[in-house]
Undergrad: 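One structure coming up, written as structure tokens, with questions to follow.
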Number of protein chains: 2
Amino acid sequence: MGANSLTLESLEIIDAIVRRGSFAAAAKELGKVPSALSYTIGKLEERLEITLFSRHGRKSVLTPAGKMLLTEGRKLLSARSHLEQEVRRVATGWETRIRIALEAIQDCTPLLRAIKQFTDEHPAIEVHLNEEVMGGTWESLSQDRVDLIVGATHPIPQSQGIRTEPYKRNQAVIAVAASHPLGQFWGKVSRGELSKHRQVIIHDSSIIEVPRSSEMYSENRRFYVGNMAQKIQAQRLGIGFGTLPYEAIKPYLASGEMKILEVEGANNAFDSLIAWKVANQGKGLKRLRELLLSPEASDPQASFSY
Amino acid sequence: MGANSLTLESLEIIDAIVRRGSFAAAAKELGKVPSALSYTIGKLEERLEITLFSRHGRKSVLTPAGKMLLTEGRKLLSARSHLEQEVRRVATGWETRIRIALEAIQDCTPLLRAIKQFTDEHPAIEVHLNEEVMGGTWESLSQDRVDLIVGATHPIPQSQGIRTEPYKRNQAVIAVAASHPLGQFWGKVSRGELSKHRQVIIHDSSIIEVPRSSEMYSENRRFYVGNMAQKIQAQRLGIGFGTLPYEAIKPYLASGEMKILEVEGANNAFDSLIAWKVANQGKGLKRLRELLLSPEASDPQASFSY
DNA sequence: TATTATATTCAAATAATTTGAATAATTATG
DNA sequence: CATAATTATTCAAATTATTTGAATATAATA
């Protein structure tokens, strides 16, 4: 039973096999030949004295031990690539990759404009952009899944080592399709009336943290969508009501397709933030923040888009 | 700049070099020859495009990047050996984590006593305990969110692969605060009378399955609470009536703060169960069940608590 | 200054991995 | 139900990676 026989390469192989569903497909992905994978897995199983795949003929399925090795091993793999990144950053001062999460309520064009400028300046730096929602946005930062979050909303989670900077003022409104029953109301709509109708909600991408559903009108039926673009279209089609960024639905308001509902305590403007970890001293991150907060980035000429 | 060129072996080598103070000494420790270490380090530096050791003649010292690689890399190394160890435990039938849901009506002390014994025997196994209610308890098991449910009540959902074992006999009573209007009745209380008052209900933690509200007196107003402790306090304060475990409110009955209502078809004793998945053959789970059902665990000395 | 210990380089030796063909087992397909 | 198509494994051969030990250079030590 050899100690420390588990290599990262064998973890990569197990990961690929499970992701692709077969040794053959994994081999193709890894630029190898299936027998090479058999060899590596066989060797690992032999040295660990543990069966990782239970072979049912040509179909191999992970044993419980294998399953556990994979889930934990994936963390090890991502820790490795994260460490490589950090080492490069310490060595050069510049990161090789910057990961950004954009809060779903935000227009992506100002950010994309800043990224465009940034990638022109630094062609060697990879930029990853993802959309996150509510708690998920903050969580992605605190769990180090991203380096910068853009357009996140209050409350700021009281987590050590997070720095914030104001980003922009947002205007959120509760809106429905003009054809929706709620669209027939004149004047104020009570919350009681709202609760009779279906609410469209973006599924909070947060996995572990406390739910921070800021806009839950309890009791009523809900419809969950995956991102803001879907939410807007769902509401435009009259599936339900919900809070939307004013800027995003302006065209539909102008065309009369959608209507703003007057609800007490809603439709307020609020401030959004950008945030990052103090520990992250990357020059690329710093430059990107500058570009993002510079006046040119927030040029309001173009149309709203996700 | 090859990605993922950092191997655990090279980390072991760097670690040994720094611990031993020289390539030569490290080579001796690792059963290799110094030039082999030079080769590995050289290759890593080349693929990372980063100098890890700054060579001052025959003395090599870590660069800042190298230092950071070592401190973080050591964590990777220990994570690897920890993972290997855990995989071995799983392979031999011992799980690394056992998740338990306790039905809210149950006193938690017998379970905690069993868990205490269990964690003493198996310090490496993590135990997670949650309180669930009604359908939520069964659901957490059938959805594999927990490995064992304790004190669940009939009916047993007809789901394949669930094994049960009798746990204990419970006595549930409908009770109110002595100051509550219903507390003024003498003798039997009709269901019609009950329905004029507010009922305190623990919010069913079930998400998808059919509501199994075994105790719904329709029509009447309700007050929802999150757990049994809140429910008892709510009823003690006279907010409403509801079914409570007899053992839990004994002190309040004795002090005259609360009163049992005589309602036809209510206040019965019933049997509760523990349940798990047949597929789950974990040795830890088996042992925990033994401890839980052994006579010592159900020692009725201590007071009731949640 | 001479001595000793050390890291590196290099060609040769060795070990590890990869390959491709053969085989056996299984699933998909007509 | 038989046939074709996939698939994982095994094995010997080929290839690649690593290790070795000698040669060399460098710096610390006596």
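Here the structure is a predicted model, which means the values were calculated and not measured. These numbers come from the heavy atoms of this one structure, side chains and all, not from hydrogens, waters or symmetry mates. A, B, ... follow the sequence lines: proteins, then strands. Residue 1 opens every chain.
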Undergrad: Mind calculating the distance between CZ (A/R55) and P (D/dT10) to the nearest angstrom?
TA: 8 Å
Undergrad: Please determine whether a side-chain nitrogen of the Lys or Arg among A/E121 and A/R287 lies less than 4.0 Å from a carboxylate oxygen of the Asp or Glu.
TA: yes
Undergrad: Closest to the B/V33 side chain: C/dT8, D/dG21, C/dT17?
TA: D/dG21
Undergrad: Under the side-chain hydrogen bond (donor to acceptor under 3.5 Å, both in side chains) test against A/T137, which residue among A/E132, A/Q106, A/E103 passes?
TA: A/E103
Undergrad: Rounded to whole Å, please give me the gap between CD in A/E9 and C1' in C/dT17.
TA: 9 Å
Undergrad: Is a salt bridge present between A/K231 and A/E131, judged by a nitrogen-to-oxygen distance below 4.0 Å?
TA: no
Undergrad: Please determine, for the side chain of B/S38, which listed nucleotide (D/dT20, D/dT9, C/dT9) has the closest atom?
TA: C/dT9
Undergrad: Could you check how far CG of B/L52 sits from C1' of C/dT8, rounded to whole Å?
TA: 16 Å
Undergrad: To the side chain of A/F23, which of C/dT18, D/dT9, D/dG21 is closest?
TA: D/dT9
Undergrad: Given atom CD of A/E45 and atom C1' of D/dT10, what is their separation to the nearest angstrom?
TA: 15 Å
Undergrad: Parallel, tilted or perpendicular: which fits the ring planes of B/F23 and B/F53, with parallel below 30° and perpendicular above 60°?
TA: perpendicular
Undergrad: Start with the C-alpha gap between A/T92 and B/E49, add the side-chain angles, then the distance that decides, and say whether side chain to side chain contact (heavy atoms under 4.5 Å, CB included) holds.
TA: CA-CA 10 Å; A/T92 65; B/E49 296 180 6; over 6 Å; no
Undergrad: Whole-Å distance between D/dA8 P and A/R20 CZ?
TA: 14 Å
Undergrad: Under 4.0 Å between a side-chain N/O of A/Y39 and OP1 or OP2 of C/dT17, yes or no?
TA: yes
Undergrad: What's the closest nucleotide to the side chain of A/S60 if the choices are D/dA8, D/dT20, D/dA17?
TA: D/dA8
Undergrad: Is any NZ, NE, NH1 or NH2 atom of the basic residue among B/E72 and B/K75 found under 4.0 Å from an Asp or Glu carboxylate oxygen of the other?
TA: yes
Undergrad: On DNA chain C, compare the nucleotides closest to B/L37 and A/G31; which residue's is nearer the 5' end?
TA: B/L37
Undergrad: Looking at D/dA8, C/dT6, C/dT17, which one has an atom nearest to any side-chain atom of B/S22?
TA: C/dT6
Undergrad: Please lay out, stage by stage, how A/L62 and A/I17 fare under the test side chain to side chain contact (heavy atoms under 4.5 Å, CB included).
TA: CA-CA 10 Å; A/L62 280 177; A/I17 292 170; over 6 Å; no
Undergrad: Once you round it to whole Å, what is the distance between C1' of D/dT9 and CZ of A/F53?
TA: 14 Å
Undergrad: Hey, does A/A24 reach any base, or is it just sugar-phosphate, or nothing, if we go heavy atoms under 4.0 Å?
TA: sugar-phosphate
Undergrad: How close or far is atom P of C/dG20 from atom NZ of A/K32, stated in whole angstroms?
TA: 14 Å
Undergrad: What does the B/S/- profile of nucleotides 25-30 of chain D look like, 5' to 3', with a 4.0 Å heavy-atom cutoff to protein?
TA: -SBS--
Undergrad: Test side chain to side chain contact (heavy atoms under 4.5 Å, CB included) on A/L292 and A/F118; report intermediate values, then the result.
TA: CA-CA 10 Å; A/L292 196 54; A/F118 181 79; over 6 Å; no
Undergrad: Closer than 4.0 angstrom, basic N to acidic O: yes or no for B/E9 and B/K32?
TA: yes
Undergrad: B/I13 CD1 to D/dT19 C1': how many Å, rounded?
TA: 11 Å
Undergrad: Is it true that the side chains of B/Q85 and B/R88 contain a donor and an acceptor less than 3.5 Å apart?
TA: no
Undergrad: Protein within reach of the bases, or only the backbone? For nucleotides 10-15 of chain C, mark each nucleotide 5' to 3' as B, S or -, using heavy atoms under 4.0 Å.
TA: ------
